[in-house]
Amino acid sequence: MQFCCCCCAEDEDDEEEKQPLVTPDPLDYFTREVQKRRDEETNLWSEPGDPSHSERDDDRTLYTLLQARNMTRVGSTGYRRLSVDIEAMRDTRREVRDKWKTVLENLGFMAEADSLLTVSAGASADRMRNAPAARAMLHTLHTETSIFSSKEPPPERYLFILDRLLYLDIAEDFLAKAKRFYPPTDDSDEEMPGLAINLPLLLARVEAMNGRGNDDDEEEDESEKDD
């Protein structure tokens with residue numbers, strides 16, 4: 001015969017109480033991951049592995065603009081101004097990415113170009129196979145071509161892309177094509193429209209707008225009433 005004392009029943013009750021009342025929703029997790037990847041592809045962060053987006057000036061500026069717009073009334077003058085600045089920075093990043101895609105497609109990677117240029121937020125230098133060679137080639141592209149169209153330090157995201165190209169043994173071909181398609185420009189040459197982003201000016205503008213954001217909204221409301 002088997003006997004069970006009251007303490008056994010209490011232990012069973014304790015085990016049941018330890019079970020979570022609400023199980024994690026797999027769909028919710030999947031939705032967050034999809035949104036994260038969509039944001040990454042939209043903003044093309046220069047430091048994709050930096051979740052705070054504060055390590056580089058350009059990432060910090062774009063992130064500050066996005067945060068400021070989230071706190072601004074949709075449709076207001078301030079919201080529209082912030083949207084223009086945000087899209088200007090995104091356009092600059094897309095133009096650089098398009099240059100890389102052009103070179104890859106010319107090398108015959110029409111179907112693979114997008115996946116080769118995708119860098120997730122989980123990218124880590126520790127996982128790179130040829131980090132020193134990739135960094136040296138990134139410096140060469142920055143100094144001997146106009147593929148970045150900027151004198152600022154090149155985005156770190158392209159370091160991971162070059163590491164992939166080195167692994168596929170096409171990095172040297174990519175460099176040769178980039179030099180041919182995008183030769184270096186003289187310092188006297190004017191920069192292409194949309195590529196000159198004054199980061200300190202943008203930050204100062206955001207701070208000023210935050211200081212008088214409510215005033216702008218009130219002025220707009222008054223003007224709408226007058227109309």
Side-chain angles (χ1 to χ4, degrees), residues 33-51 53 55-59 61-63 86-187 189-197 199:
E33 288 299 308
V34 170
Q35 184 60 44
K36 186 188 299 182
R37 293 188 180 184
R38 185 180 294 118
D39 291 343
E40 170 61 36
E41 285 303 303
T42 301
N43 296 311
L44 295 173
W45 300 109
S46 297
E47 289 277 3
D50 173 27
H53 309 303
E55 294 183 3
R56 281 179 60 104
D57 291 341
D58 54 346
D59 278 355
T61 300
L62 178 56
Y63 184 71
I86 289 169
E87 285 308 308
M89 293 197 70
R90 286 174 172 173
D91 285 342
T92 299
R93 296 173 179 219
R94 282 193 289 263
E95 287 172 6
V96 173
R97 186 181 186 277
D98 288 346
K99 288 182 178 181
W100 282 68
K101 186 175 181 179
T102 297
V103 177
L104 286 172
E105 290 179 341
N106 191 265
L107 289 171
F109 295 91
M110 278 77 71
E112 301 85 359
D114 286 329
S115 59
L116 286 172
L117 292 171
T118 299
V119 182
S120 68
S124 173
D126 297 336
R127 302 175 184 174
M128 295 178 61
R129 300 179 180 90
N130 301 286
R135 189 166 294 280
M137 188 162 290
L138 184 66
H139 176 74
T140 301
L141 284 167
H142 184 233
T143 57
E144 299 183 16
T145 74
S146 58
I147 198 167
F148 289 111
S149 305
S150 173
K151 301 302 181 183
E152 299 296 324
E156 287 288 304
R157 66 181 298 107
Y158 292 99
L159 190 65
F160 299 100
I161 296 170
L162 285 171
D163 185 64
R164 296 172 186 169
L165 302 186
L166 285 164
Y167 179 74
L168 296 173
D169 198 25
I170 59 172
E172 291 295 338
D173 294 336
F174 181 92
L175 178 59
K177 286 284 186 181
K179 288 182 176 180
R180 178 184 173 188
F181 286 5
Y182 306 106
T185 57
D186 296 333
D187 294 337
D189 291 346
E190 294 184 0
E191 292 186 346
M192 295 177 60
L195 293 180
I197 302 294
L199 301 183

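Just so you know, these numbers use all the heavy atoms, side chains as well, and skip hydrogens, waters and symmetry mates.
- Contacts of A133 classified as side-chain contact (heavy atoms from CB on, under 4.5 Å), with partners at least two apart in sequence or in another chain: N130, L166.
- Using a 4.5 Å heavy-atom threshold, the side chains of E55 and S46 count as separate.
- The aromatic rings of H53 and W45 sit parallel to each other, their planes meeting at less than 30°, with 60° as the upper class boundary.
- With hydrogens and angles ignored, the 3.5 Å screen pairs no side-chain donor or acceptor of N43 with any backbone N or O of L62.
- Shown here are the side-chain contact (heavy atoms from CB on, under 4.5 Å) partners of R129, two or more places apart in sequence or in another chain: D163, Y167.
- Under the salt bridge (charged side-chain N to carboxylate O under 4.0 Å, His left out) criterion, E156 pairs with R135, sequence neighbours left out.
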Return a table of donor-acceptor pairs under 3.5 angstrom between the side chains of residues 113-122 and protein atoms on other chains or two or more places apart.
residue	atom	partner	partner atom	Å
D114	OD1	K101	NZ	3.1
S115	OG	E112	O	2.8
T118	OG1	D114	O	2.7
S120	OG	G122	N	3.4

Show your reasoning for whether side chain to side chain contact (heavy atoms under 4.5 Å, CB included) applies to L159 and M128. CA-CA 9 Å; L159 190 65; M128 295 178 61; 3.7 Å; yes
Listing, residues 168-182 side-chain donor-acceptor contacts under 3.5 Å, not counting sequence neighbours, or none:
residue	atom	partner	partner atom	Å
K177	NZ	N106	OD1	2.8
K179	NZ	E144	OE1	3.0

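- Counting all heavy atoms, side chain and backbone alike, A134 lies closest to L162 at O-CD1, 3.6 Å.
- Residues passing the side chain to side chain donor-acceptor pair (under 3.5 Å) test with E40, sequence neighbours excluded: R157.
- Looking at residues two or more places apart in sequence or on another chain, you find no ring pair (Phe, Tyr, Trp, His ring centres under 6.0 Å) involving H142.
- Remark: T102 OG1 to I147 CD1 distance equals 8.5 Å, nearest 0.5 Å.
- Remark: the backbone N or O of P184 is not paired with any side-chain donor or acceptor of T145 at under 3.5 angstrom.
- Summarising the geometry of M89 relative to T61, their closest heavy-atom pair is SD-CG2, 3.9 Å, with the distance given to 0.1 Å.
- Listed by chain and number, the residues in a salt bridge (charged side-chain N to carboxylate O under 4.0 Å, His left out) with E41 are R97 (sequence neighbours excluded).
- Here R56 does not pair with D50 in a salt bridge; the nearest charged N to carboxylate O distance is not below 4.0 Å.
- Under the 4.5 Å side-chain criterion, counting only non-hydrogen atoms from C-beta, Y158 is not in contact with L141.
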